[in-house]
Amino acid sequence: MEKDKKKKAIVMLSGGLDSSLALKMVTDQGIDVLALHFTSSFCRCDGANACGSTARKVSGFVGTELKIVRVGQDYLDLIRNPKHGYGKNMNPCIDCRIHKFKYARKMMNEIGASFIVTGEVLGQRPMSQHKRAMMIIEKESGLERLIVRPLSAKIMAPTIPEENGWIDREKLLAFHGRNRTPQIKLAEDLGINDYPCPAGGCLLTDSAFSRRLKDLIEYGTLDINNAELLKVGRHLRITPDFKFVIGRNEKENDILTVLAQEDDIVFEPKEDVSGPTGLGRGKWDEKMMNIAANAMARYIKSDTDEIEIEVGKKSDPKKTVILAKKMEDNEIKKMMLV
Ligand code: SF4
């Protein structure tokens, strides 16, 4: 190995505080860096505070190149059956980290980088940031002793980049555990003040989201569109083959319309009534349509018990009108995935 010469590194940049600090610490050492940011359907942040936009801001502030990668089908395969299991909810953190590190290793070889940097803090997260898990992740991603964690490096064994002087170990830190005060203080010192996406901004750690995700896996329907759909509306499992989603506000109604596929049925209250949009997916018959329409009617403000709902495929201008009756809450509860 070539000693004492600064090398290029890939920094895993989530857009949160810790990885932003790691990025700044490494670039402050004069190391040439590519920041790598992953997004997925399971990212909790969106809009102006999306972690992708924070990653852009941080890499812009620090002056590094940024690559954004959206994880795809192979990530869904991993969620269905993670080798190292799930955390408290449907979060397969160890496998997720291995997946991303493997990608980073490939990228490292492509761009001629020599090591990886992360914002991990020893003992901060129960599943993936304790020593044993970190070692498994390194080994299985083919990056043994090539991952530098600047925030905790001094309480960990020296890595190859530190031993070889590619990065100065003396300038690295010894943070440990869940207390984030030292990171906040360091951010002030380093001039980083834009980190809105909190650590753990992942829907796979959310219990209600996980319950819905489990349902998709159970019924063999986990794909990207169905995963996106999980983020909006009330979800009702009506039969093993038929699911119904009801928007909770105008924004969600619009999203449901966008996510509706060719074979889905879209439910809308008739023109003179305002209320949610519904989306039915799977195999249905008249009985299923009526159940879905009755459930949706429960969320329509109206003085009458019977409400006309138009039902049809998104692309088909021909609609059927169902005279729906408001369903009782306890009936809806039996089908609701919460
Ligand atoms: S919290 Fe989510 S994104 Fe983070 S390691 Fe776990 S599964 Fe992956």
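What you are looking at is a predicted structure, and each value in this text was computed from that prediction instead of being measured. Atoms within a ligand are numbered from 1 in the order they appear, just like the ligands themselves.
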Could you tell me, atom by atom, which parts of ligand 1 come under 4.0 Å of a heavy atom of Arg97? 5 (S)
Using 30° and 60° as the class boundaries, would you call the ring planes of Tyr103 and Phe38 parallel, tilted or perpendicular? perpendicular
Parallel, tilted or perpendicular: which fits the ring planes of Phe209 and Phe42, with parallel below 30° and perpendicular above 60°? perpendicular
Contact atoms of ligand 1, heavy-atom distance to Cys96 under 4.0 Å: 3 (S), 5 (S), 7 (S), 8 (Fe)
Near Lys100 (heavy-atom distance under 4.0 Å), the atoms of ligand 1 are 3 (S)
Between Leu34 and Leu13, is there a shared hydrophobic cluster once you connect ILVMFWY residues whose side-chain heavy atoms come closer than 4.5 Å? yes
Any N/O/S atom, backbone or side chain, of Cys93 lying under 2.8 Å from atom 6 (Fe) of ligand 1? yes
Quick one: does Glu138's side chain have a donor or acceptor within less than 3.5 Å of a partner on Arg145's backbone? yes
Between Cys202 and atom 2 (Fe) of ligand 1, is there a contact where an N/O/S atom of the residue lies under 2.8 Å from the metal? yes
Apply side chain to side chain donor-acceptor pair (under 3.5 Å) to the pair Thr239 and Asp241, showing each step before the final yes or no. CA-CA 5 Å; Thr239 71; Asp241 295 323; 5.2 Å; no
For ligand 1, note which part of Met90 has a heavy atom under 4.0 Å away: side chain, backbone, both or neither. neither
